[in-house]
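Working notes, structure below.
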Number of protein chains: 2
Amino acid sequence: MNEVTGAPGTSRPGGRTARVREAVLRAAGDAFADKGIGGVDLGEVARRAGVGKTTVYRRWGTVPGLVADMLAEMAESSLPRARTGDLDADLAALASLILATLTDARQGPLFKAVIAAAASDAQTAAALHRFYRVRIDEWSPCVDEAVARGDLPAGTDADEVIRALSAPLYYRFLVSGDPLDEAAAARAAAATAAAARAGAYT
Amino acid sequence: MNEVTGAPGTSRPGGRTARVREAVLRAAGDAFADKGIGGVDLGEVARRAGVGKTTVYRRWGTVPGLVADMLAEMAESSLPRARTGDLDADLAALASLILATLTDARQGPLFKAVIAAAASDAQTAAALHRFYRVRIDEWSPCVDEAVARGDLPAGTDADEVIRALSAPLYYRFLVSGDPLDEAAAARAAAATAAAARAGAYT
DNA sequence: CGCTTAACGCAACTGGAGTCCCGTTATGAA
DNA sequence: TTCATAACGGGACTCCAGTTGCGTTAAGCG
């Protein structure tokens, strides 16, 4: 009759519970990275984590639920943005950061898995949007600073510029399958800067 | 001992076989559109299509196999490109076409499902890349014509321009969840044109 | 330090997705 | 029109992802 009990892991989050969570998230990342989102079930994650199958099902329930928890974890360990005082250099740094993330042997497949899950699951989609909200808020000030310096037209939408920079890289990554390399990142940064200076994002 | 027999449907493709294929592809599109790629099994597709479960499993085998067949079908019924003789108008037309496709009640969820499947299945990914190859080949001439008219710098990569136009729309659609409307399409077209004129895609 | 109970984990169970067998339908060719 | 067989369809069967029950461990509090 204990009706106020929340989700498992909320009321005694210390010690063993924390260790289990850490092991499961790590194992889940590994599993998604080598089998993709579709080929993994929670039983396998439990095995890899050295944890009881029941525990994983009870705390996370479904693959999207687990993915959402992983994203929340990742949002917190997000890298600080560059601060070079130069728009082109800042955008190039962000493009390189995105490139590095997407081509990383572990993070790349994980992102692919997460975005795929978000396509068919509202909970994962919400977690994903929150993740990018955090990233954009972190980086958009470099655009505002460029506006303040007079390097970009007044009224430029900073968020839109950041998205415009990210978009071509994600498009290659998810849709077209074209090569994802430094040249692509540099081109994305240059094109975004040119369009922004021309006032396309006001 | 008939070892030369190909996949089912290749040797007697007329009449009933063709009707079954049509019914299954249509039912699959409906199912993916309302439940997403993950929530559909071939048994359900068979039920919706009014066709034996065995038939669907025998001819398509797996969900990605079915998706690949749908994409092949869609690539053939691709719309012809605009031919206005004006770069800005051509790009705006393509942006609107992409917008219409992604926001369509039936095609939008279907594309989401297909791209998600491509993230974890090589066969689907290959079919998807082929599909976009066709689309890009259809539209890239409008960029080449702009170069010929002197409206864009010589050496501009036409494919890259088309991808740059598509990218922001797909990014919103798949990743960021930001609104996908005429304003976004117009901005994508304008930004791409500006960057291309500045020589960002040479 | 001892008690309560949240959280874990093993093992047995269940339901449904995917497979298999075999009889039926109807295509395509002679 | 007839015939051989490609393709379909119903239904029984299998196998395993996900559930349930219950005993065990250890977190958190006094």
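Keep in mind the model is a prediction, meaning the values are calculated, not measured. So that the names make sense, note that chain A is the first sequence line, chain B the second, and so on, each numbered from 1.
Remark: the backbone N or O of A:D90 is not paired with any side-chain donor or acceptor of A:R81 at under 3.5 angstrom. The backbone N or O of A:P153 lies less than 3.5 Å from a partner atom in the side chain of A:T156, making a donor-acceptor pair.
The nucleotide whose nearest atom lies closest to any side-chain atom of B:D41 is, among C:dG18, C:dT25, D:dT19, C:dG18. Comparing D:dA27, D:dG9, C:dC10 by their closest approach to the side chain of A:R16 singles out D:dA27.
A:R21 comes within 4.0 angstrom of no nucleic acid atom, judged by non-hydrogen atoms across all strands.
For a distance-only test at 3.5 Å, the side chain of B:T17 fails to qualify as a donor-acceptor partner of the base of D:dC8. For D:dG18, its base never sits under 3.5 Å from the side chain of A:R58 at any donor and acceptor pair. At a cut-off of 3.5 angstrom, the base of C:dG9 holds no donor-acceptor pair with the side chain of A:K53.
Between C:dG18 and B:Y57, a contact under 4.0 Å exists linking OP1 or OP2 to a side-chain N or O. Residue B:T55 places at least one side-chain N or O under 4.0 Å from the OP1 or OP2 atom of D:dG9. Phosphate proximity of C:dT27 to B:R19: present, with a side-chain N or O under 4.0 Å from OP1 or OP2.
Nearest-nucleotide assignment on DNA chain C puts the 5′-proximal partner with A:V20, out of B:R47 and A:V20. With DNA chain C read from its 5' end, the first of the two nearest nucleotides for B:G61 and A:V51 is the one closest to A:V51.
Regarding A:E44, its CD atom lies at a distance of 13 Å from the C1' atom of D:dC16, rounded to whole Å. Note: CD (B:E22) to P (D:dA7) measures 18 Å, nearest angstrom. The nearest whole Å value for the distance from the CH2 atom in A:W60 to the P atom in C:dG9 is 10 Å.
Side-chain contact between A:M74 and A:V114 is absent, with no heavy-atom pair separated by less than 4.5 Å. Side-chain atoms of B:R172 and B:L102, non-hydrogen and from C-beta on, never get closer than 4.5 Å to each other. When side chains are defined from C-beta on, A:Y170 counts as touching A:I115, because their heavy atoms get closer than 4.5 Å.
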